[in-house]
J.: 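The structure's right below; bear with me while I get my questions together.
None of these values were measured; they are calculated from a predicted model. Here is how names work: the chains are called A, B, and so on, in the same order as the sequence lines, proteins then strands, and each is numbered from 1.
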Amino acid sequence: MIPELGHYALVLALALALAQAIVPLVGVRTGDAALIAVVKPTALAQLLFVVLSFAALTACYVTSDFSVENVAQNSHSTMPLVYKITSVWGNHEGSMLLWVLILALFGGLLAVLGRNVPAPLHAAVLSVQAVIATAFYLFILLTSNPFARLAQPPFEGRDLNPILQDIGLAIHPPLLYVGYVGFSVSFSFAAAALLIGRIDAAWARWVRPWTLIAWMFLTLGIAMGSYWAYYELGWGGWWFWDPVENASLMPWLAGTALLHSALVMEKREALKVWTILLAILTFSLSLIGTFLVRSGVLTSVHSFATDPARGVFILMILVFFIGGSLTLFAWRAPMLRHGGLFAPVSREGALVFNNLFLTTACATVFVGTLYPLALEALTGEKISVGAPFFIMTFGPLMVPLMIAVPFGPLLAWKRGDLLGVAQRLIVAAALAVLALAATFAIEGRPVAGPLGIGLAVFVIAGAATDLFERIGLFRVPLATTLRRAVGLPRSAWGTAVAHAGLGVMLLGIVGESQWNVERIVAMKAGDVASVGRWELVFDGLDQHEGSNYRELAVRFTVREGGVPVATLAPAKRAFSTREMATTEAALMRHGVSQLYVSLGDLNPDGSVAVRAYDKPLVLLIWIGSLVMALGGGLSLSDRRLRVGAPRPSKAKLGLQPAE
Amino acid sequence: MTRKQRRFALIAGGVAVLAVATALVLNALNDSIVFFNSPTDVVEKKVQPGTRLRIGGLVAPGSVVRGENLAVRFQVTDGNNTIAVGYKGILPDLFREGQGVIAEGVLDPGGSVKADSVLAKHDEKYMPREVADALKKQGHWQSDYDKAAPASAGPPAAGPPAAGASAAAGATR
């Protein structure tokens, strides 16, 4: 009964979405306020029914109702409760349901919070949201029904993929989806603005918080996914340039560009057409990210199962939204008025520079990800485009962008003074050179490492310079500085913090990629292996029984200069239901670096293959991402986003002499 | 500067960056792409020794020989032809005889592949798409794979996008 209720609730949500897609737009056309007012209740009711539907599927998982095919395929009665719940979205159908749940959540929030948005725009935005929702409900109901029943329920479920039996599954997909789906709001705003044919600085201000939320969550989601892959896969990598990862990186790059271009539009009313285009592209890339991976179209060793019916449906959705919105763009965008002028050297110019490099970098990732697919379709040749391609293309594009980051916030709007800014950045540059020289003195060649560290320090020190300049540190009395620091808009803090986070992440990337020490060795009890300055002593083997797996663990003592400092117990788990094994790496943190130990095969002679890494600064990669997201959060709390757009002042009118 | 000149500067800058990016992409595509081959492709296309390639097929049953210090040799077969692969390091969790595998490395003059990474598939029923295609081409595709596939449509396509990334099974040295 519960699955049927869940299914029915989803059908009702579809009906509501259809109404919400059509009725308000008719209202906008005919100027009928009653029809426009339909958006709010339908958006909220839609949310209610999707929540019910999601709750129904969760209930099926929690009670291990194996008569539901989806549950039987992806759950097991002995799994801990938390994994039973996370299994809900650990599969295709359930994750699509999570997608629409988040979409409905955004719809509901838009309906409630969008009070200061003019009614016609508000209605148009929500009806575009409903069009998106309709497509997704149809996709789920027609091709991926999570509530399908089995005629003969099995006695036991097939278990969740062991790699997914991790707390990472509880956190990573929801974060990532909030990011992907969040960009639907800026997309809807863009499409609505094109439909209505009017766009101004206030538009950018309404869109900004939504874009920021999506960007923050996407940042966190990608970072979390990267950390999860790092500790769960047992081979110490944190980014593989896998198509699946690229699919999440592309909307992030486009979304980052959107955040910056929307700033120009808000402050200077310039780059309108470009911002609209970016909003469309960002969500299009999110759709591609959600779908191409899942449809199995992409050549990846990580995507296998395909269902042709789904693939065609997915293609139709992509063509409809991407093609449709771009057509709308081509038709309506020329109507938009051009905005403020600016010199190439100015804050606007810097933001254009940012956009140029981010979108170009995004395009290279796009080419690298989809080229194998195109080539196979055209010639039948199968190729793989791996990390070297992306390092050779993406890397060189990021360098000028990183150098430019500290300059941007210091340049004035309209017409900037590059020389003056360079002078103000002299301390940051000196620190960078110092860091470069120090790193070179300690680590020596290759110079890529020291150069990277210097660049990262420049970005961090540049962000600090921006703050210090604004609060006048050391130039005005301390009390004034403090007062200015308190009065500084949160968005200024956000910019500096996010930029500093970027530098911190770069530090981690450089440290991990340049000075990673790796040791792969077969070890027996009593053996000692050295990794960097650490010594690993193999103390012994243990076998345990987990709730649904068997575990082989090795006890290691870590010594530094002969002195024991820690014990580590990496393990291999064998899951009987799916005949799969997972590697549980053991990590020892020292400072912001980590010692990483994982196990390979048990050899016939009783030795165990051991893989050990010393990864300097590796934690900074994720700490930097967190700091970036924090910067987004600070910016989101800025007063102007809470207060809303300025209205033409009535006071001025009141001052007219009353004759 | 006039409006026209500004716009020109903007467009010229954009075109310049795009040109650089295009050059980078073309250069990288030349240098860093790797072709996928089945053992039969290697034999029929007369792939030159020294070429970097990906080879995919099934690990021939009984062919896995482990040597000193984590060295391992095995045969990759598509039913008609077999290529030997040598690898030193830790094999992925799901590497087994009779199962689908992709090895990436350099073809040496003796006709075997010196692999620096080995990727295995995810669970007992699946195999990498390239491998499945290669086997189909050689007429060694067992239809029960087809039947098995939808039934176990769970794990690989299952995870959300980047969870899929996390679900990577592989070994790289």
J.: Rounded to the nearest 0.5 Å, how far apart are CH2 of W99(A) and OH of Y180(A)?
T.: 10.0 Å
J.: Looking at D31(B), V34(B), N27(B), L24(B), which one has more heavy-atom pairs under 4.5 Å with chain A than the rest?
T.: V34(B)
J.: Checking the side chain of S384(A) only, and the main-chain atoms of G386(A) only, is there a donor and an acceptor separated by less than 3.5 Å?
T.: no
J.: Between L356(A), L160(A), L375(A), which residue shows the highest count of heavy-atom pairs closer than 4.5 Å to chain B?
T.: L356(A)
J.: Is a donor on one side and an acceptor on the other found under 3.5 Å between the side chain of S346(A) and the backbone of F342(A)?
T.: no
J.: Heavy-atom pairs under 4.5 Å with chain B: which of G94(A), P400(A), A522(A) has the most?
T.: A522(A)
J.: Measure N37(B) against the heavy atoms of chain A and call it side chain, backbone, both or neither at under 4.5 Å.
T.: neither
J.: Among T22(B), L18(B), L70(B), L53(B), which residue forms the greatest number of heavy-atom pairs with chain A at distances under 4.5 Å?
T.: L70(B)
J.: Indicate the ring-plane relationship of W241(A) and W239(A), choosing parallel, tilted or perpendicular according to the 30° and 60° boundaries.
T.: perpendicular
J.: Which bit of I33(B) comes within less than 4.5 Å of chain A, counting heavy atoms only: side chain, backbone, both or neither?
T.: both
J.: Checking L29(B) against chain A: side chain, backbone, both or neither under 4.5 Å from a heavy atom?
T.: both
J.: For the residue pair H172(A) and W228(A), does the interplanar ring angle fall in the parallel (under 30°), tilted (30 to 60°) or perpendicular (over 60°) class?
T.: perpendicular
J.: So what's closer than 4.5 Å to chain B heavy atoms on Y371(A): side chain, backbone, both or neither?
T.: side chain
J.: Tell me if a side-chain donor or acceptor on E245(A) pairs with a main-chain N or O of F240(A) at a distance below 3.5 Å.
T.: yes
